[in-house]
Amino acid sequence: MRVASGQAKGIVASPDLAAAAVSIAMERAGLDIARSVLLFLSADFASHAQAAVTAAARAANCMQVAGCTATGLLTEEEWLLDVPAAVAMVFGEGGDLRPATPEDAAWRLTLAAPNAIDTHWLDRPGRRFGAVSGDATGQGPYTVWSSGRLAPGRHCELVFAGNALRVDVSRGIQPLSEPRAIDRLNGHDVLSVDGLPALASLSRVLPMDTGDSRRFPLHRVMAGVTYGDPNEALAQGRYHLMPILATSSKAQSVTLAARVKTQQHLFWALRQPLAAERDMHTTLDRMTKDTLASPEFGLCFPCQGRGPYFYEGIDRDLELITRHFPGMPLIGFYGNGEFMYQDDGNRLLQYSTVLGLSYPGGL
């Protein structure tokens, strides 16, 4: 299969950037006519995305253009943040990217704007992976398109006909405790975990340099709530992560960004760059341990909280992927939540990196 990526950036969000990204990819793939195109545009295009999608379709001589706007973009060449930009991946013979149907059993690339996330479609049959195209606040006019047109519902699901996808996720956290039952709650405030005041439960597992409750690194400390058997939940990735909003020394409580229930199992975790880098290593090893074949292309969807700003100016995830698969065409964007099929259900994750690798035939 002929497949290649291309990117273009500029001073203004012009449809010419979309056309240029596609043209570069077409030249690299040796194509005059593409069978399908995956196009991601920076958020600067959100209010006038159709003109850029149309320009991309003309450059590819193809109407099967799908994608979305996002705050940050990436290819195997580099990541692009805070600049008007377009990235594209073009597919030749054997690389048909088409809208999913209810009968499709293959992995579904799922793209959605923040206001389009709906459990009615997320819980329907089918294995989904992808990302939410919003910013860190979940706001903004984020746009999704499929078959060369803006999607009215601001979400789309796509399948790659003729290719076998391997999909996995790197959660990238360092657990600080084992899952323990929540004893007492007051709204969003966790009061007691496994017989201990919630704040004491958290304080005792924090690293020494963060143990002072007056200066908790709240942007790095997370609460995780498991589902299914809590004994194996951490190893199998069966948990939801949620930010900690505040702590109270007086009430010895910890305030979470989402509601939980008593008797659910909670653990404390730290978002730490070295732990995330190690976990990405593990994910790549897991995805390739039983094959020597090289993937034809990759699709990468890191959380905005897991990108270059988290890694102090270098996207370590992207660096590891390109080192592991030198020369492999890669495309993706930084999202506000990641879709992944896990434990017999489609999950909306946070602070994760979802990676899909495409292999020819039925590998």
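Numbering starts at 1 and runs along the sequence shown.
Listed for the Arg180 side chain is no donor-acceptor partner under 3.5 Å among the backbone atoms of Asp194. The closest donor-acceptor contact from the side chain of Glu338 to the backbone of Ser352 lies under 3.5 Å. For Glu76 (side chain) and Leu330 (main-chain N/O), a donor-acceptor pair under 3.5 Å exists by modelled atom type. Judged by distance alone, with hydrogens and angles left aside, the side-chain atoms of Arg286 form no donor-acceptor pair with the main-chain N or O of Asp168 at under 3.5 Å. Checked by atom type and distance alone, the side chain of Asn336 never pairs as donor or acceptor with a backbone atom of Val132 at under 3.5 Å. Remark: the backbone N or O of Arg108 is paired with a side-chain donor or acceptor of Thr110 at under 3.5 angstrom. In this structure a side-chain-to-backbone donor-acceptor pair under 3.5 Å is missing from Ser133 to Ala70. Side-chain N or O atoms of Arg127 include one that pairs as donor or acceptor with a backbone N or O of Ala105 at under 3.5 Å. Looking only at distances, no side-chain donor or acceptor of Asp189 sits under 3.5 Å from a matching main-chain atom of Ser253.
In this structure, Glu77 does not pair ionically with Lys9, as no charged nitrogen and carboxylate oxygen lie closer than 4.0 Å.
Counted by atom type alone, Arg166 and Thr291 present zero donor-acceptor pairs between their side chains at under 3.5 Å. In this structure, a donor-acceptor pair under 3.5 Å is absent between the side chains of Thr226 and Arg238. Judged purely by distance below 3.5 Å, without hydrogens or angles, the side chains of Asp104 and Thr101 pair a donor atom with an acceptor atom. Residues Thr54 and Gln50 have side chains that bring a donor and an acceptor to within less than 3.5 angstrom of each other. For the residue pair Tyr334/Arg306, the side-chain donor-acceptor check at 3.5 Å is not satisfied.
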Between side-chain atoms of residues 31-44 and protein atoms elsewhere (two or more places apart, or another chain), which donor-acceptor pairs fall under 3.5 Å?
| from | atom 1 | to | atom 2 | distance (Å) |
| --- | --- | --- | --- | --- |
| Arg35 | NE | Asp96 | OD1 | 3.2 |
| Arg35 | NH1 | Glu93 | OE1 | 2.8 |
| Arg35 | NH1 | Glu93 | OE2 | 3.1 |
| Arg35 | NH2 | Asp96 | OD1 | 3.1 |
| Arg35 | NH2 | Asp96 | OD2 | 3.0 |
| Ser36 | OG | Gly95 | O | 2.8 |
| Ser36 | OG | Leu97 | N | 3.1 |
| Ser42 | OG | Asp44 | OD1 | 2.7 |
| Ser42 | OG | Ala85 | N | 3.1 |
| Ser42 | OG | Ala85 | O | 3.4 |

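Separation of atoms CD (Gln350) and CZ (Arg271) is listed at 9.5 Å; rounding is to 0.5 Å.
Of the residues Asp279, Thr353, Asp317, the one that meets the side chain to side chain donor-acceptor pair (under 3.5 Å) test with Ser170 is Asp279.
Ring geometry for Trp107 versus Tyr341: interplanar angle over 60°, hence perpendicular rather than tilted (30 to 60°).
A centroid separation of less than 6.0 Å is found between the aromatic rings of Phe301 and Phe333.
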